[in-house]
Amino acid sequence: MAAGTPVSSAAAAAALPAPLDIVGRVRSTTARVMEAARHVSLGTEDAFAAAASELAAAATAAGIGAKDGAASTSVDWDAAGWHYCGDASAGGPLTCQYVFVLDSLNWCFWPSATSMEYDALAVGLRKAVEADPSVFSAERLQGATAADVRGWLAPHDVPEAEERAEMLRELGHVLAAEYGGQAANLVSACGQSACRLVALLASRLPGFRDETVYRGRRVFLYKRAQILAADVWAAYGRLTSGPSPFAFRDMASLTMFADYRVPQLLLPMGVLRYSPALEARIAAQEELCPGSEEEVEIRAASVQAVEKLRHAMGGTLLSVELDWLLWQRGERSKEKLPPHHRTRTVCY
Ligand SMILES: Nc1nc2c(c(CN[C@H]3C=C[C@H](O)[C@@H]3O)cn2[C@@H]2O[C@H](COP(=O)(O)O)[C@@H](O)[C@H]2O)c(=O)[nH]1
């Protein structure tokens, strides 16, 4: 597909074989972790009921809620206008290219000496693509350097700029070699399925393989692959029907995105509980090793807690929407929350 050509492909979805259910495995493997967890547990039923009713009341007050399992249109995705969505209403490919770059770089900002946060990433990349619409072409991504990344996000100190540039080169290579340079073509190959998109990202792009081993058994999290699928879906207007390749039919399958802001909020709500030793380590801002029992348990518990909260709220929101609600609440109240856990990782 040529750049600028409106993307549309009504799905050969039916013709595609069912995807490997790796998103289902996020739910099942995190449930298994929680059966054996020693450092993190879920709160009591009372704590879930209280948190659910408080969140549901806040959601209702904000006019949020969906009927009959349909996607709610009311949980903000881009209330502050951080993101580039310039050609999304026309179904163009540039918004998709932007989101792929965004979520290739959407991890671990806290080591930044300038307190860089997500909004700086989204806005910096938006300005770069507005100034030069070819800045994220597959050809240019293949040659991306740490200096490019720092330039887009200036004046911020960007943690792991070299590693971030490597992610972009990887993305540029795969897009150029297999998808005519266009992320939108990769999405079109997924037959309107967010789960297929997650599976494809995890299989083709090593940077999206957010998998670990807990006591000898595999655990699947796919934070950035899932947030990418949700961001693409939201950027193109949260379509659930019609011919657009971005009209994913299976958004209800995705889980929350297990990272460091949502558990920071869930802990004081009482729906997550840490052992005193773990709580002290996090309070002291001691780093947790990626793949350590403690770190995997925090992430697994976050997935399970959001599933449970969603059910306790009556199932009116998608897990993705509840994640957005919680993340935004966490962002608003982070100064008042206990410190988040710190793990140096490219996964989140
Ligand atoms: N679970 C979850 N984690 C999210 C997001 C987002 C942004 N999503 C957009 C879509 C809807 C929202 O309204 C946003 O417009 C970023 N993060 C993660 O947070 C961390 C950065 O935090 P801080 O440094 O404080 O900005 C980092 O791991 C980053 O990857 C989310 O939605 N859910």
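Note that ligands are numbered from 1 as they come in the structure, with each ligand's atoms numbered from 1 the same way.
Evaluation of the ring-ring contact (aromatic ring centres under 6.0 Å, His included) rule for H156 yields no partner, not counting sequence neighbours. Judged as a side-chain hydrogen bond (donor to acceptor under 3.5 Å, both in side chains), and not counting sequence neighbours, the contacts of D231 are W77. Here R310 pairs with S319 under the side-chain hydrogen bond (donor to acceptor under 3.5 Å, both in side chains) rule; sequence neighbours left out.
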Exercise for the section: Output, in order, the C-alpha distance, side-chain angles, deciding distance and verdict of side-chain contact (heavy atoms from CB on, under 4.5 Å) for Y214 and T29. Expected result: CA-CA 10 Å; Y214 177 83; T29 62; over 6 Å; no
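Geometrically, K223 does not engage Y348 in a cation-pi contact defined by less than 6.0 Å to the ring centre and at most 45° from the axis.
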Write none if no such pair exists; otherwise list each N/O atom of ligand 1 with its protein N/O partner under 3.5 Å and the distance.
| unit_1 | atom_1 | unit_2 | atom_2 | d |
| --- | --- | --- | --- | --- |
| ligand 1 | 1 (N) | F257 | O | 3.1 |
| ligand 1 | 1 (N) | D259 | OD2 | 3.4 |
| ligand 1 | 1 (N) | D323 | OD1 | 3.3 |
| ligand 1 | 1 (N) | D323 | OD2 | 2.9 |
| ligand 1 | 3 (N) | D259 | OD2 | 2.6 |
| ligand 1 | 3 (N) | W327 | NE1 | 3.4 |
| ligand 1 | 13 (O) | W77 | O | 3.2 |
| ligand 1 | 13 (O) | Q328 | NE2 | 2.5 |
| ligand 1 | 15 (O) | W77 | O | 2.8 |
| ligand 1 | 17 (N) | W327 | NE1 | 3.2 |
| ligand 1 | 19 (O) | W327 | NE1 | 2.9 |
| ligand 1 | 25 (O) | E117 | OE1 | 3.3 |
| ligand 1 | 25 (O) | R261 | NE | 3.2 |
| ligand 1 | 25 (O) | R261 | NH2 | 2.4 |
| ligand 1 | 25 (O) | E331 | OE1 | 3.2 |
| ligand 1 | 25 (O) | E331 | OE2 | 2.6 |
| ligand 1 | 26 (O) | Y118 | N | 2.8 |
| ligand 1 | 28 (O) | K223 | NZ | 3.4 |
| ligand 1 | 28 (O) | Y348 | O | 2.7 |
| ligand 1 | 30 (O) | N106 | O | 3.1 |
| ligand 1 | 30 (O) | N106 | OD1 | 2.5 |
| ligand 1 | 30 (O) | K223 | NZ | 2.5 |
| ligand 1 | 33 (N) | D323 | OD1 | 2.7 |

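Using bins of under 30°, 30° to 60° and over 60° for the plane-to-plane angle, the ring pair Y118/F109 lands in the tilted bin.
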